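Numbers here simply count residues along the sequence, with the first being 1. Here the structure is a predicted model, which means the values were calculated and not measured.
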Amino acid sequence: MTQNLEIQQSETDREVDGGETLIMRLAGRVRAVRKELGMPRRELSERSGVSPRYLAQLESGEGNISVLLLQRVAAALNTRIEDLLSDTGDTSREARQIAQLYQNAGSETQGKVRRMLVVQNPHALRAQRVCLIGLRGAGKSTLGQKSAAALNIPFVELKSEIERRVGMPASEIMELYGQDGYRAMESEAIEAVVSAHDRLIMSVGGGIVAQAKTFSLLKTYFHTIWVRTSPAEHMARVRAQGDLRPMEGNPEAMEQLKALLAARSHLYETALAQVDTSNRPQQSSVNDVLTTIAKHRFIEQRGP
């Protein structure tokens with residue numbers, strides 16, 4: 001019984017301490033904002049309808065003002081009631097003006113502001129976007145689709161996004177605009193995906209890493225995972241997809257593939273993580289991708 005009384009008294013003491021801290025914080029903030037505005041207490045009284053005596057008690061930490069009266073004081077000071085109460089709020093005039101400008105801005109402008117503010121924090125800039133990179137045949141699209149489905153988030157294949165935006169197949173885009181034109185469209189499509197999604201998995205073509213500017217953009221806004229496998233499996237998977245071009249009339253195709261993989265490996269290795277799908281069943285590789293995402297906290301695991 002005595003112990004219970006002691007626990008209750010301790011909790012009451014903490015509540016009192018917390019209440020006193022809040023009252024003193026409120027007193028300091030009201031006083032600071034009023035003085036910053038050059039507003040005499042009597043003028044604040046006239047604007048808010050709260051008596052000078054009550055305001056004096058409030059600013060000294062002796063008053064226990066009601067929420068309704070505090071709302072009137074906050075309105076008279078042209079500030080938000082939550083800024084007067086928050087333990088982290090900045091009550092400077094400039095901060096309040098910036099906050100108001102942000103609230104009145106359109107969603108596009110707000111997005112630009114957020115991206116500018118988080119530029120010093122790469123993890124924040126990437127949000128919860130994951131991009132799978134690697135040579136063709138590594139399994140990026142399949143693993144991306146299944147992993148995104150497991151996480152209940154969107155999946156985007158960059159080539160399909162470009163085709164959707166331009167309104168024609170990638171092969172025709174290449175014929176009309178050439179390699180440089182297609183690479184420019186890749187950058188534009190990446191920026192569009194970033195603007196539209198903060199949480200998704202995307203897969204990209206194997207050659208994107210050879211374009212320094214585009215690859216840099218990708219790594220800035222996405223957590224990258226290199227999906228890798230052996231040259232033999234790369235070739236087998238491409239052929240299994242029905243594309244015989246790598247082998248048809250080209251007995252040196254395997255050697256060329258190995259050379260391409262060797263030339264790009266140092267670029268793929270700049271990814272934040274790797275998943276090796278060599279000799280792995282598809283579902284095991286999906287699990288590996290999900291485990292990698294969870295381990296590095298690329299995407300938050302949410303409940304159903």
Nearest 0.5 Å, please: how far is [atom2] in [Y] from [atom1] in [X]?
| X | Y | atom1 | atom2 | answer |
| --- | --- | --- | --- | --- |
| R29 | L26 | CZ | CG | 9.0 Å |
| Q211 | D180 | CD | CG | 7.5 Å |
| L176 | M168 | CG | CE | 5.0 Å |
| L218 | E191 | CG | CD | 11.5 Å |
| I133 | T270 | CD1 | OG1 | 6.0 Å |
| R228 | Q274 | CZ | CD | 5.0 Å |

Is there a side-chain contact between [X] and [Y], using heavy atoms and a 4.5 Å cut-off?
| X | Y | answer |
| --- | --- | --- |
| E59 | R41 | yes |
| I225 | L272 | no |
| I293 | L151 | yes |
| C131 | Y221 | no |
| W226 | E269 | yes |
| I208 | L158 | yes |
| M174 | Q179 | yes |
| S45 | V50 | no |

Subject >> side-chain hydrogen bond (donor to acceptor under 3.5 Å, both in side chains) evaluation trace for E186 with T214 >> reply: CA-CA 7 Å; E186 279 185 324; T214 306; 5.0 Å; no
Verify same cluster id: [X], [Y] (apolar side-chain graph, 4.5 Å):
| X | Y | answer |
| --- | --- | --- |
| L132 | V204 | no |
| L143 | L135 | no |
| V194 | V130 | no |
| V156 | V286 | no |
| V166 | M202 | yes |

What is the minimum heavy-atom distance between [X] and [Y], and which atoms define it?
| X | Y | value |
| --- | --- | --- |
| T224 | A271 | OG1-CA, 3.3 Å |
| R72 | S48 | NE-O, 3.0 Å |
| R264 | V209 | CD-CG2, 4.1 Å |
| I173 | Y182 | CG2-CD1, 3.7 Å |
| A127 | H223 | O-NE2, 3.0 Å |
| T292 | A273 | CG2-CB, 3.5 Å |

Subject >> Ion pair E46/R42, N-O distance below 4.0 Å >> reply: no
**OP:** Before accepting this row, confirm whether a basic side-chain N of the pair K140/E157 lies closer than 4.0 Å to the acidic partner's carboxylate O.
**Re:** no
Check for a donor-acceptor pair, side chain of [X] on one end and backbone N or O of [Y] on the other, with a separation under 3.5 Å.
| X | Y | answer |
| --- | --- | --- |
| S216 | A212 | no |
| R129 | L200 | no |
| S60 | A56 | yes |
| R34 | M39 | yes |
| T109 | A105 | no |
| R199 | E300 | yes |
| E233 | S278 | no |

**OP:** State which residues pass side-chain hydrogen bond (donor to acceptor under 3.5 Å, both in side chains) with S230; sequence neighbours excluded, sorted by chain then number.
**Re:** none
Original post:
Taking the six-membered ring of F222 as reference, does the NZ or CZ atom of K219 fall below 6.0 Å from its centre and within a 45° cone about the axis?
Top reply: no
**OP:** Check whether more than 12 heavy atoms from other residues, nucleotides or ligands sit under 6.0 Å from atom CZ of R297, and answer yes or no.
**Re:** no
